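The structure presented is a predicted model; accordingly, all values stated were derived computationally and were not measured. A note on names: the letters A, B, ... follow the listed sequences, proteins ahead of strands, and every chain is numbered from 1. Keep in mind that the numbers below use all heavy atoms, side chains included, and drop hydrogens, waters and symmetry copies.
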2 protein chains.
Amino acid sequence: MAESDVKLLGCWPQLPYVVRARIALNIKFVKYDYLEEIFGTKSDLLLKSNPIHKKIPVLIHGDNPICEFLIIVQYIDEFWSSDPRILPSDTYDRAIARFWGAFIDDKLLALIREVLELRTAKGQEQKAVVEKMIEALELLEDHYVKSSQGKAFFGGESIGYIDIALGCSLPWLRAIEKLTEMKMMNETKVPNLVAWAERFCKDPAVKDVIPDCEKLLELFKMFIAKEQLASN
Amino acid sequence: MAESDVKLLGCWPQLPYVVRARIALNIKFVKYDYLEEIFGTKSDLLLKSNPIHKKIPVLIHGDNPICEFLIIVQYIDEFWSSDPRILPSDTYDRAIARFWGAFIDDKLLALIREVLELRTAKGQEQKAVVEKMIEALELLEDHYVKSSQGKAFFGGESIGYIDIALGCSLPWLRAIEKLTEMKMMNETKVPNLVAWAERFCKDPAVKDVIPDCEKLLELFKMFIAKEQLASN
């Protein structure tokens with residue numbers, strides 16, 4: 001299979017899931033065609049490539065579609081297996097990286113979805129969810145301090161699996177901070193994560209593909225306005 | 001690290017998650033101590049080993065705890081890496097196995113939980129969930145027929161990742177069939193899965209650790225009686 005025969009199906013707004021795949025491909029210097037789905041529609045290629053979930057992202061390598069974001073990242077790391085490694089080479093460290101990847105998806109991203117679903121609801125409910133997000137971030141701060149031992153990233157001196165999993169939610173966290181006027185990436189509570197986030201967003205594999213939080217915020221506001229219009 | 005210094009924290013009722021880890025260890029002929037938690041309580045060892053989720057199963061290898069069922073199975077396959085392999089050796093096949101493992105957890109096991117939560121609710125709601133489970137099983141039947149090409153298991157001639165992920169839910173599916181009087185592992189709709197299930201449950205790595213569906217059914221009925229008593 002030609003290494004260069006790689007396509008990635010994504011869409012705007014670029015969900016954290018799509019950005020993860022793009023960063024993983026950038027880390028490995030894999031050239032790919034980025035095919036953008038039109039928001040709210042599903043192309044024939046998407047339906048054919050992911051008939052079970054009909055969702056982006058889908059990586060298409062030759063004739064082989066690979067679905068589900070964390071599976072895509074693992075596939076990229078295993079197929080283009082030369083350094084830099086995305087998952088740690090040690091078996092136990094790899095299990096730990098997968099654990100935190102699952103934690104980020106099951107807790108943090110689930111809470112992001114919850115805040116967005118509550119966007120027109122009362123502030124009190126939203127506050128409770130944001131507080132849970134802060135708790136999740138504090139656990140991640142704690143893991144980062146323990147595991148990185150002063151290194152730049154969760155994965156050591158270069159971006160790894162947990163960095164990708166968490167880093168792609170940063171623009172969403174920031175947009176929610178602005179929407180709710182509640183600080184989550186707080187320098188008092190998670191000082192190491194705040195510094196890590198800055199390094200992550202400046203990384204050459206990240207900076208051109210991570211979405212702009214202001215654009216996401218505009219999008220949220222547009223959705224809110226649309227809903228308010230519909231409910232009047 | 002001594003290969004034999006392996007403990008598995010589980011409990012009765014043996015959730016599909018715990019059984020998965022036991023089967024994976026059996027496949028690799030790894031000797032381990034099975035430590036049973038008392039239902040409804042959490043031992044100090046569990047709290048220390050899985051401080052984030054405080055949930056079984058936890059595999060403790062030497063001093064290293066590994067949490068989350070599918071991560072445990074991957075760890076076992078990667079640490080005891082000689083044959084038989086649990087995950088396929090081909091990179092793309094491995095991504096596909098992970099995809100269906102996630103499908104089984106996110107769809108089928110989520111629906112099992114839903115049926116059990118509805119246990120005292122009206123039959124109509126329960127019926128709708130069971131129908132969704134049948135749809136999920138039909139997709140798995142379809143994948144099995146396409147991928148196994150007449151072989152005994154999803155993983156080929158021996159039990160692999162998808163087999164373990166799906167097989168451990170069989171006793172729960174059967175208990176739900178009896179509870180709801182609705183057939184799911186239906187010979188007309190999923191004939192190949194029915195034959196696969198029989199082979200799976202007879203496998204030497206499986207037969208002594210897979211829970212008895214009658215005992216699970218008794219447990220469900222006990223919970224129902226307890227709830228009805230509490231609501232009267």
Side-chain angles (χ1 to χ4, degrees), chain A residues 1 3 6 17 21 24 49-55 57-81 87-108 110 135-136 138-140 142-143 146 161, chain B residues 1 3 6 17 21 24 49-55 57-81 87-108 110 135-136 138-140 142-143 146 161:
Chain A
M1 192 187 307
E3 285 207 9
V6 179
Y17 318 123
S49 310
N50 190 357
I52 304 291
H53 301 304
K54 305 175 181 68
K55 279 197 302 199
V58 182
L59 182 77
I60 306 175
H61 187 196
D63 292 325
N64 292 336
I66 301 117
C67 311
E68 304 277 296
F69 34 98
L70 285 177
I71 297 173
I72 293 175
V73 173
Q74 290 188 75
Y75 176 85
I76 291 168
D77 196 35
E78 293 173 1
F79 189 88
W80 291 278
S81 59
L87 276 144
S89 54
D90 175 79
T91 313
Y92 182 63
D93 292 345
R94 207 154 51 240
I96 295 298
R98 286 184 181 130
F99 174 86
W100 287 103
F103 174 85
I104 290 160
D105 280 8
D106 298 342
K107 297 277 170 190
L108 198 66
E135 278 169 33
E138 283 173 339
L139 289 172
L140 284 156
D142 196 42
H143 175 64
K146 279 186 198 144
Y161 191 71
Chain B
M1 192 185 307
E3 284 209 10
V6 179
Y17 317 123
S49 311
N50 190 356
I52 305 292
H53 301 305
K54 306 175 181 69
K55 280 197 302 198
V58 182
L59 182 76
I60 306 176
H61 186 196
D63 292 325
N64 291 338
I66 301 115
C67 311
E68 304 276 298
F69 34 96
L70 286 178
I71 297 173
I72 293 175
V73 173
Q74 290 188 76
Y75 176 85
I76 292 168
D77 196 35
E78 292 173 3
F79 188 88
W80 291 278
S81 58
L87 277 144
S89 54
D90 175 79
T91 313
Y92 183 63
D93 291 345
R94 208 154 51 241
I96 295 298
R98 288 185 179 128
F99 174 86
W100 286 102
F103 174 84
I104 290 161
D105 279 10
D106 298 343
K107 296 278 170 190
L108 198 65
E135 277 169 32
E138 284 173 339
L139 289 173
L140 283 156
D142 196 40
H143 175 63
K146 278 186 200 147
Y161 192 71

> Measuring from A:I71:CD1 to B:I96:CD1, what's the distance to the nearest 0.5 Å?
Replying inline: 8.5 Å
> Which residue out of B:L139, B:I66, B:I52 racks up the most heavy-atom pairs below 4.5 Å with chain A?
Replying inline: B:I52
>> Given heavy-atom pairs under 4.5 angstrom as the criterion, report whether the side chain, backbone, both or neither of A:H53 touches chain B.
In response: side chain
>> Can you give me the closest heavy-atom contact between B:T91 and A:F79, atom names plus distance?
In response: CG2-N, 3.8 Å
>> If I measure from the heavy atoms of chain B, does A:P65 come under 4.5 Å with its side chain, its backbone, both, or neither?
In response: both
> Which bit of A:E68 is near chain B, if near means a heavy-atom gap under 4.5 Å: side chain, backbone, both or neither?
Replying inline: side chain
